[in-house]
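First up is the structure itself, then whatever we jot down about it.
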Amino acid sequence: MFTFILRRIVSGAVLLFVISTVAYFLLYLGGGDIARRILGQSATAATVAQKSHELGLDRPLPLQYLSWLGGAVHGDFGSSWFTGEPVATAITSRLAVTLSLVIGATVVSAIIAVVLGVWAATKRGWIDRVVQVVSILGFAIPGFLIALALVLYFAIALKLFQPTGYIDLGTSITGWLSTVTLPIAALSIGSIAGITAQVRGSVIDALRQDYVRTLRSRGLSSRRIVFKHVLRNAGGPALAVLAVQFIGLLGGAVIVEQIFAIPGIGNVSVTATSQGDIPLVMGLVIATAALVVIVNLLIDLLQGWLNPKVRLS
Amino acid sequence: MIDPNPAPTTAAQVVRVSLFRRLLKHPTGLTAMIFLIVIVLSAVLASVLAPRNPDLADINAVLANPSLAHLMGTDSAGRDVFSRLLFAGRFSLAGALLALVVAAVIGVTGGLLAGYYGKWFDAVSSWLTGLLMALPGIVVLLAARAVLGPSMWLSMGIFGVLMSPAFFRLVYASVTAVRNELYVDAARVSGLSDARIIGRHILTVVRAPAIIQAATIGGIAIAIQAGLEFLGLGDTSIPTWGSMLNDGFTNIYTNPLLILWPSLAIGLTCIALTLLANAMRDELERSSSKPKRRRGAARAMVSIEKEPVLVHPEVVTEREFGEELLKVSDLAVGYDQPDGSIKTVVQDVSLVVRRGEVHGLIGESGSGKTQTAWSILRLLPEGGRVVGGSIFFEGTDLAHASEREMTRIRGKKIAYIPQEPMSNLDASFTIGSQLVEPMRVSLGISKAEAKKRALALLAKVGIPNPERTFAAYPHEVSGGMAQRVLIAGAVSCTPDLLIADEPTTALDVTVQAEVLDLLRELQAEFRMGVVLVTHNFGVVADLCDQVSVMRDGRIVETGPVKSIFADPQHPYTRSLFAAILEDGEARGPLVEHAVGSATSVTPTAAPREGASS
């Protein structure tokens with residue numbers, strides 16, 4: 001088990017390193033004359049050269065990268081070119097907001113998807129068909145369209161929720177709920193659809209396994225077998241989909257945050273992108289990649305807990 | 001649809017044409033297809049269909065409501081929404097198409113190379129795929145935009161690269177599956193070049209799933225592109241559905257209708273693509289999946305005339321049997337068919353099992369013996385049920401008992417030993433917990449007591465180190481051990497009747513003998529009635545008192561083992577005997593065992609320790 005965890009951590013670190021290297025070179029090579037872009041067309045050549053020197057952009061790129069990497073290992077990802085705010089603080093404060101949305105959506109969609117998937121798989125018939133159609137639609141309709149529809153209906157027409165804004169979880173739980181309910185709902189629908197389809201499929205598969213018949217022959221009730229044995233066996237593939245959905249939710253949050261004017265990572269991404277604030281963009285890429293690596297590691301650990309065979313491989 | 005590798009072969013064309021034809025008969029598929037054709041045509045013919053110049057701003061008609069002049073109203077710059085929607089379709093669809101082409105070219109080529117040639121290319125590309133999938137697409141697109149500027153085409157090209165793993169995985173999986181098929185080997189031996197083999201044999205397999213994947217990815221590309229434009233990070237010089245959505249969102253309070261049109265265009269196109277993909281998948285699955293046949297399940301009944309069952313008269317034996325435990329009368333088992341009919345797989349089966357008696361059910365696979373066994377436990381696979389007759393067990397008709405009653409009877413009164421030891425243990429739980437759980441439920445005993453019983457049972461069935469096996473997971477023990485565990489589980493609640501479904505078929509020959517001895521011993525000790533399903537007359541001779549020969553879902557001959565062995569009447573029974581003689585000798589001196597005392601232990605018996613119960 002220990003080597004299993006260690007190997008996952010090492011491979012995650014390698015992945016992060018590769019992504020950071022590729023991203024760094026692509027971003028800085030493709031950026032053109034960065035100092036000129038920051039200072040604008042009216043700046044003189046001398047001030048541009050000075051700015052370049054200030055930012056360390058006059059050094060060879062591999063050297064720049066190494067010094068960035070040296071800082072990154074210690075948590076220093078440089079500063080924004082436009083606001084001067086350290087990248088690390090700029091991102092962490094917003095990441096918390098985004099994570100509260102994404103984790104909320106993950107939990108909500110996992111719970112609903114398991115209920116729907118098990119229900120469809122065990123009852124079959126028309127319930128199954130309805131669940132399937134709904135999950136196809138949920139998958140097909142882009143999340144931000146759902147978000148727009150929710151804003152129009154629940155916030156603007158019914159005035160049940162605030163259409164925009166964000167109240168921190170620390171400030172007020174009910175306030176937080178009133179601002180994140182619609183975004184989380186908008187984010188969840190797509191992933192509910194994806195996970196439900198997977199849960200349904202793997203529960204149906206698991207129900208057909210020989211050991212289910214044998215357990216029933218020992219006098220265990222169907223309900224007990226579904227919740228104890230079938231769900232545990234169907235959990236593996238469902239968790240794999242959950243990991244993929246988490247990446248999707250992170251991306252979806254970027255757009256959904258814009259619709260609801262939530263000051264999360266999506267907000268920073270859009271500003272940094274349109275300004276060409278490369279240190280900040282670089283920090284964002286690393287932050288999302290690190291999140292994905294961490295989530296995959298957690299999912300792997302859960303898989304190992306669910307399935308004893310995984311622990312050996 | 002996009003076809004990245006134009007290497008059409010006649011076979012592939014047939015696949016495609018027939019898939020297309022079948023889609024025409026699929027209502028959802030047809031609707032989706034017609035809708036998509038209308039969307040594509042309206043985009044292509046935008047310059048003919050559009051009533052106005054899409055970029056012409058009319059300052060006097062800003063945010064106008066729909067009217068005859070402006071069918072869908074005007075936007076915040078006074079441009080005609082309907083005309084813009086048509087022209088935007090061009091760019092949105094072309095962008096999605098670009099992403100699709102890039103994804104398909106990279107994914108399909110990569111998948112073919114990695115799958116067909118394997119080795120290092122395999123490892124590298126699989127790793128790259130993992131890398132590409134590790135980042136949310138929109139973050140990568142945003143980062144790319146920071147450097148490369150706002151170009152819809154560039155974004156969609158990059159998105160194509162990001163989506164290429166979807167094609168890669170699909171093609172890779174199909175190719176590795178096909179690569180080692182005999183007909184591909186044959187093609188290689190007959191001197192076809194790799195390119196020809198890939199073109200002719202492998203692309204044929206991959207084509208249909210790749211088209212389905214393309215429809216799905218097309219939908220995602222349209223959605224993500226609209227998302228980018230909606231964020232205001234798109235190319236402002238061209239009209240797209242996403243930028244129209246952005247305009248509508250900005251003016252959501254002044255003219256909520258404005259957001260409706262692009263939403264409909266994006267939403268309906270995405271839904272149509274997904275539904276089309278699903279319809280294609282449905283049709284493909286329908287054509288390729290012949291009804292899955294499980295072991296011993298649902299074989300088509302060859303309608304043979306009902307012939308009288310050959311019944312041998314009772315003979316006097318030294319063995320004494322108790323009261324009648326199980327009485328099956330005129331049992332019929334059927335499976336629901338998709339068209340609403342019922343396919344009968346077992347018919348007119350009658351048999352009686354008394355306490356202490358072993359009744360063998362013998363026949364070739366598909367003869368209905370396993371179906372009969374499962375129907376006694378009411379554990380038939382999905383769609384299967386008892387459609388006629390009765391199964392009386394200790395006064396209850398199991399054929400009509402509620403599921404609740406059955407749950408009470410199973411395990412405690414009637415137990416089951418399956419054929420495949422490994423697949424019948426849940427790999428996620430320890431062997432011990434799978435023994436303890438049913439005992440706690442059926443007997444209502446404490447965990448500690450159940451554990452004590454389980455350890456004693458494991459010792460009783462001849463497992464050398466019960467403590468270790470108790471804590472082990474199923475994959476950590478051998479097949480023979482696993483079968484002993486299942487036997488221990490079956491007798492754990494001291495049942496009256498045991499249903500054993502080919503309990504030794506999956507085991508090595510030496511282990512078979514040991515397991516049969518174990519069964520005989522336990523049967524005698526607990527004085528259980530047993531229904532023993534087998535296809536081996538050796539096993540029948542070894543263990544059974546009575547035997548029923550089954551063929552095509554019916555019993556053709558039944559009676560005491562001794563009389564049937566001495567004088568088989570039915571030609572089918574005789575042919576089964578002939579088959580044993582070809583296979584080798586039947587095991588053991590049959591007459592002695594059939595008549596002799598069941599407690600006689602053969603020297604091959606496994607060492608037993610600490611037998612207690």
Side-chain angles (χ1 to χ4, degrees), chain A residues 15 18-19 23 26-27 30-31 136-137 139-142 144-145 148-149 151-152 156 208-211 213-222 224 228-229 232-233 244 247-248 250-252 254-255 258-259 269-270 272-274 276-278 281 284-285 288-289 292-293 296 306-309, chain B residues 130-131 133-140 142-143 145-148 219 223 226-227 230-233 249 252 256 259 263 266-267 270-271 273-275 278 374 377 379 381-382 403 407-412 415-416 418 420 423-429 434 437-438 441-442 473 475 486 489 493:
Chain A
L15 189 72
V18 172
I19 288 179
L26 286 180
L27 284 172
I136 288 173
L137 289 182
F139 171 80
I141 303 172
F144 61 94
L145 281 188
L148 284 177
V151 170
L152 276 176
I156 294 176
R208 289 185 180 145
Q209 297 300 312
D210 286 344
Y211 64 80
R213 185 187 310 114
T214 300
L215 287 169
R216 288 182 68 194
S217 82
R218 301 268 172 84
L220 299 187
S221 66
S222 298
R224 192 186 177 102
K228 186 163 176 186
H229 296 269
R232 181 148 178 181
N233 281 281
V244 174
I247 302 178
L250 217 48
V254 172
I255 299 181
Q258 287 300 99
I259 294 174
S269 314
V270 174
T273 306
S274 31
D277 196 342
I278 292 181
V281 172
L284 287 166
V285 170
T288 38
V292 170
V293 165
N296 280 327
L306 276 179
N307 183 353
K309 273 192 223 168
Chain B
L131 185 71
M133 296 182 76
L135 281 175
I138 199 139
V139 171
V140 178
L142 288 178
R145 186 192 180 275
V147 179
L148 301 170
F230 173 71
L231 286 179
L233 295 174
F249 186 58
I252 197 163
I259 206 167
S263 300
I266 298 165
C270 289
I271 291 174
L273 281 167
T274 311
L275 289 180
N278 269 293
W374 283 345
L377 284 155
L379 289 177
E382 209 180 309
E403 187 54 35
T407 307
R408 265 201 300 269
I409 290 170
R410 286 186 204 122
K412 211 169 167 185
Y416 166 72
E420 279 290 337
S423 65
N424 277 288
L425 288 168
D426 184 345
S428 303
F429 290 84
Q434 291 180 64
E437 189 188 2
V441 171
S442 295
Y473 282 97
H475 66 269
L486 285 163
C493 303

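In what follows, chains are A, B, ... by sequence order, proteins preceding strands, each numbered from 1.
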Inset, instruction - With a 4.5 angstrom heavy-atom cut-off, could you sort out which part of I156(A) is near chain B: side chain, backbone, both or neither? - result: side chain
Inset, instruction - Under 4.5 Å heavy-atom distance to chain A, tell me which part of D426(B) shows up: side chain, backbone, both or neither. - result: both
Inset, instruction - Could you look at V18(A) and say if it's the side chain, the backbone, both or neither that has a heavy atom under 4.5 Å from chain B? - result: side chain
Inset, instruction - Return the option, out of G489(B), S442(B), A223(B), with the maximum number of heavy-atom pairs under 4.5 Å with chain A. - result: G489(B)
Legend entry - Side chain, backbone, both or neither of E403(B) within contact of chain A (heavy atoms, under 4.5 Å): side chain
Inset, instruction - Can you tell which part of I409(B) gets under 4.5 Å to a heavy atom of chain A, answering side chain, backbone, both or neither? - result: neither
Inset, instruction - Measure L152(A) against the heavy atoms of chain B and call it side chain, backbone, both or neither at under 4.5 Å. - result: side chain
Inset, instruction - Measure distances from L148(A) to the heavy atoms of chain B and classify the residue's part below 4.5 Å as side chain, backbone, both or neither. - result: side chain
Legend entry - ring-ring contact (aromatic ring centres under 6.0 Å, His included) against F139(A), all qualifying residues, sequence neighbours excluded: none
Legend entry - chain A interface, residue from G137(B), P418(B), S263(B), A415(B) that has the most non-hydrogen pairs under 4.5 Å: S263(B)
Inset, instruction - Side chain from CB out, backbone as N, CA, C, O: work out which of these in V281(A) comes under 4.5 Å of a heavy atom of chain B, or both, or neither. - result: side chain
Legend entry - Backbone N/O of G411(B) and side chain of R218(A): donor-acceptor pair under 3.5 Å: no
Inset, instruction - Just jot down the side chain to side chain contact (heavy atoms under 4.5 Å, CB included) partners of L379(B), sequence neighbours excluded, or say none. - result: R213(A), R216(A), S217(A), L377(B), R410(B)
Inset, instruction - For chain A, find which of G232(B), C493(B), A427(B) contributes the most heavy-atom pairs closer than 4.5 angstrom. - result: A427(B)
Inset, instruction - Determine whether V292(A) and L15(A) make a side-chain contact, defined as any pair of heavy atoms from C-beta on separated by less than 4.5 Å. - result: no
